[in-house]
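Computed from a predicted model, the values in this text were never measured in an experiment.
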Number of protein chains: 2
Amino acid sequence: MPAAVAGPEIERLIQLLARLPGLGPRSARRAALFLIKKRVALMAPLADALQNAMQKIAVCKVCGNIDTQNPCTICTDERRDASIIVVVADVSDLWALERAQAVNGRYHVLGGTLSPLDGVGPQDLSIDALVARAHEPSVQEVILALNATVDGQTTAHYITELLLDARVKVTRLAHGVPVGGELDYLDEGTLAAAIRQRTTL
Amino acid sequence: MPAAVAGPEIERLIQLLARLPGLGPRSARRAALFLIKKRVALMAPLADALQNAMQKIAVCKVCGNIDTQNPCTICTDERRDASIIVVVADVSDLWALERAQAVNGRYHVLGGTLSPLDGVGPQDLSIDALVARAHEPSVQEVILALNATVDGQTTAHYITELLLDARVKVTRLAHGVPVGGELDYLDEGTLAAAIRQRTTL
């Protein structure tokens, strides 16, 4: 579309919206139009919310979580089990585990996974801080909640090695059949793992 | 996810993003995290763009287009053929036609289509203004570029009746096979229309 049609300010808004994950150029247009039509109910609150969040965002100096306080809500929550550190690659994984209410421990966000091909080495991740935390006397277990991909598992192995001399139990997520999953759609690796790690009824 | 995990400002941002078309609760989370990580490169510009667009947005008093000037860029563009008025239901349809560079006339945005079931009557749409424009001596053709749905076609018929005494040619979009479309995926109505309105090679 020629820029002249909708005005430069609207075009700029569309361009920026199109950079969000999940929105393409076409849906960004739809989103912009939707915002413009709901100027009072949505557009103004969204502009304010962006400003507010921008001013308040902090990266937790303990675990690397993103929050509006530092240390973050989880690190300062006394009801959380301080003996468990759940290691995740990214804040989105932390959010996913929290949504599932899967674990009541604290977290450690690595900021990615080791990836030699992409030039991501141990110094690029928050691994030293994790090792230091794992040596604290209160910590008893480190759960490696990393993706079941090559990079995720490489990172898990690397961290396991580093934690050998810390007096902590190092565990990882179970492999197996996803809840609600059908066997004949699963890959061989998952099925083999599910059989190997079968549980007694 | 408990609101306590990500901070109220971030949760508010996620809630508002989730109301955009094309983003659900889950992708809104991803989008919020993406924004937070690109605070300088994307989040700040987006907040500014929303503010800017919000201040500048105007609805064209002539045609109902959304622009940052009033009358809009199209209505004031002398290179546009003022003898043709393209009637669309919504600004998004106008944008679609402009993207396709389908027509060089001016537009008229109705603001919807007649829909007795939803309680949308002629008085809810910009129909009187269209009839007035169609009576201007410079106007020779009114193209009804409305959806090929029941509501769209009802609206087209209604407008055609109203324009009987105006000295304008009233036309509508052709029905037929979409460019790139395959015959065996098309519905019977479209195929019948494509045969009926076949063109000579």
Taking every non-hydrogen pair under 4.5 Å, which of [options] racks up the most with chain A?
options	answer
B:A28, B:G24, B:A31	B:A31
B:L42, B:D77, B:N52, B:V91	B:L42
B:Q55, B:Q15, B:R19, B:Q51	B:R19

Taking A:L35, A:L17, A:V59, A:L13 one by one, which has the highest count of heavy-atom pairs under 4.5 Å against chain B? A:L13
Report the option among A:K37, A:Q69, A:K56 that has the most heavy-atom pairs separated by less than 4.5 Å from atoms of chain B.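 Going by pairs under 4.5 Å, I would pick A:K56.
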A:R30 (side chain) donor-acceptor with B:P21 (main chain) under 3.5 angstrom: no
Would a distance-only check, ignoring hydrogens and angles, find a side-chain to backbone donor-acceptor pair under 3.5 Å from A:D67 to B:G7?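 Between the backbone of B:G7 and the side chain of A:D67 there is a qualifying donor-acceptor contact (under 3.5 Å).
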Looking at [atom1] of [X] and [atom2] of [Y], how far apart are the two atoms once the value is rounded to the nearest 0.5 Å?
X	Y	atom1	atom2	result
A:R39	B:I66	CZ	CD1	9.5 Å
A:L16	B:K38	CG	NZ	12.5 Å
A:I57	B:I36	CD1	CD1	4.0 Å
A:S92	B:R26	OG	CZ	11.0 Å
B:W95	A:I14	CH2	CD1	4.0 Å
B:S27	A:L23	OG	CG	7.5 Å

Should we say atom [atom1] of [X] is surrounded by more than 12 heavy atoms from elsewhere, each under 6.0 Å from it?
X	atom1	value
A:H157	NE2	no
A:E188	CD	no
B:D124	CG	yes
B:I195	CD1	no

So what's closer than 4.5 Å to chain B heavy atoms on A:A44: side chain, backbone, both or neither?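 Contact with chain B is through both the backbone and side chain of A:A44.
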Which atom names give the shortest non-hydrogen contact between [X] and [Y], and what distance separates them?
X	Y	value
B:L50	A:M43	O-CE, 3.7 Å
B:R29	A:R99	CD-NH1, 3.1 Å
B:A49	A:R12	CB-CG, 4.1 Å

Is it the backbone or the side chain of B:D90 that comes under 4.5 Å from a heavy atom of chain A, or both, or neither?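 The side chain, not the backbone.
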